[in-house]
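Atoms within a ligand are numbered from 1 in the order they appear, just like the ligands themselves.
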Amino acid sequence: MLRHYAIVPAAGSGSRFGGETPKQYQSLAGRPLIYYSLAALCRCQRVDRVWVVLSPDDRWWRQYDWTSLGHKLESVYCGGGSRSESVANGLRAAATAAHDDDWVLVHDAARPCLSQASLLALCDELADDPVGGILAVPVADTLKRADWQRRVARTESRDGLWQAQTPQMFRYGLLKRVLAEHPDGTDEASAVEAAGLSPRLVRGDASNFKVTYPADLLLAEQILQGKTRVDQ
Ligand code: CTP
Ligand code: MG
């Protein structure tokens, strides 16, 4: 039977967020931010196991009790110097369980507002897909190209442009191969694209945004508080 496994890269330092504590451990509604990203995956019945990829020097993870997330969760201290390396190392850790045809969902630790509806839509819409795909949202804002003085050089068309999110879902064997061959992308889909394949875009929603700057925490908190009423 085909399985769905999740890899959560969580070995970044959060340089744009700043501060002593890495972004994924910043406090959000009383828990570390990463808790919500993991909880969304752990409570989804389609997902069989979740590997969280930590930095080898991580000293925050063990300060929390994760038992409420259940038996699916496994932590591995094999994060690398880039997101892509962390994911590749996570895939290696999953090798004991995963087969080449199993699905792998890679989800940023820094996206705490992933809804069950989007997660299920991703799994359902890609169930028979030969390539796999990603959650994404059509670009809503008007796009400006800046010149060297940070003045508008021109307005770019947003036709057909989507913002990539996570989870990004590909078969284990494919993902392992393309990340080894094309490790320079900022997401899994770009490695798949570099191998000549076209990932599907599955429409998600804007609330699954990535916490990048301190001000993003407030928005995430508001979304989570609203979501608690809808989702549970
Ligand atoms: N990540 C990782 N290993 C790295 C770099 C990033 O596992 N070497 C993870 C982050 O922990 C995060 C996800 O990849 O969950 C998305 O990365 P990003 O939002 O860019 O986080 P950081 O790299 O930590 O932040 P910044 O780019 O601002 O330094
Ligand atoms: Mg980064």
message: Would you say that L175 contacts V106 through its side chain, given a criterion of any heavy-atom pair below 4.5 Å between the two side chains?
response: yes
query: Which residue owns the protein heavy atom closest to atom 27 (O) of ligand 1, what's the atom, and how far is it?
result: R16 NH2, 3.0 Å
message: Under a 4.0 angstrom heavy-atom cut-off, which atoms of ligand 1 come close to S86?
response: 2 (C), 3 (N), 4 (C), 7 (O), 8 (N)
query: Just distances here: any N/O of T212 and N/O of ligand 1 closer than 3.5 Å?
result: no
message: Against the six-membered ring of W103, is R3 placed for a cation-pi contact (under 6.0 Å from the centre, within 45° of the normal)?
response: no
- prompt: Do the non-hydrogen side-chain atoms of P199 and Q168 ever get within less than 4.5 Å of each other?
  reply: no
query: Less than 4.5 Å apart, any side-chain heavy atom of C44 and any of L120?
result: yes
- prompt: Which of the numbered atoms in ligand 1 are below 4.0 angstrom from a heavy atom of K210?
  reply: 18 (P), 19 (O), 20 (O)
- prompt: Should D187 and T166 count as side-chain neighbours, where that means a heavy-atom distance under 4.5 Å?
  reply: no
message: Can you name the atoms of ligand 1, numbered from 1 with element, that are less than 4.0 Å from a heavy atom of A109?
response: 15 (O)
message: For atom 21 (O) of ligand 1, what is the closest protein heavy atom, and at what distance to 0.1 Å?
response: K23 NZ, 3.2 Å
query: N/O of V53 under 3.5 Å from N/O of ligand 1, yes or no?
result: no
message: In the structure I gave you, are the side-chain heavy atoms of D124 and R46 within less than 4.5 Å of one another anywhere?
response: yes
query: Can you say whether the rings of W51 and Y5 are parallel (under 30°), tilted (30 to 60°) or perpendicular (over 60°)?
result: perpendicular
message: Side chains of L119 and P167, heavy atoms from C-beta outward: is any pair under 4.5 Å?
response: yes
query: Under 6.0 Å from the CD atom of Q45, do we count more than 12 heavy atoms belonging to anything else shown?
result: no
- prompt: Tell me, which protein residue and heavy-atom name are nearest atom 29 (O) of ligand 1, and how many Å apart are they?
  reply: S15 OG, 2.6 Å
message: Show the atoms of ligand 1 that are less than 4.0 angstrom away from any heavy atom in G81.
response: 8 (N)
Top protein contact for atom 7 (O) of ligand 1, by heavy-atom distance: A11 N, 2.8 Å
- prompt: Is the closest N or O pair between F17 and ligand 1 shorter than 3.5 Å?
  reply: no
statement: The protein heavy atom nearest to atom 16 (C) of ligand 1 is D108 OD1, 3.4 Å
query: For ligand 1, which atoms sit closer than 4.0 Å to a heavy atom of A110?
result: 15 (O)
query: atom 25 (O) of ligand 1: which of S13, G14, G12 has the nearest heavy atom?
result: G14
message: Considering only residues two or more places apart or on different chains, which pairs with a residue in residues 20-35 satisfy side chain to side chain donor-acceptor pair (under 3.5 Å)?
response: Y25-D58
- prompt: Got an N/O contact under 3.5 Å between V211 and ligand 1?
  reply: no
- prompt: What pair of heavy atoms forms the shortest contact from G204 to S118, and how long is it?
  reply: CA-OG, 4.0 Å
message: Checking a contact table here: which protein heavy atom is nearest atom 9 (C) of ligand 1, and how many Å away?
response: P9 O, 3.5 Å
query: Does at least one non-hydrogen atom of G79 fall below 4.0 angstrom from an atom of ligand 1?
result: no
- line: of all protein heavy atoms, closest to atom 8 (N) of ligand 1 is G80 O, 2.9 Å
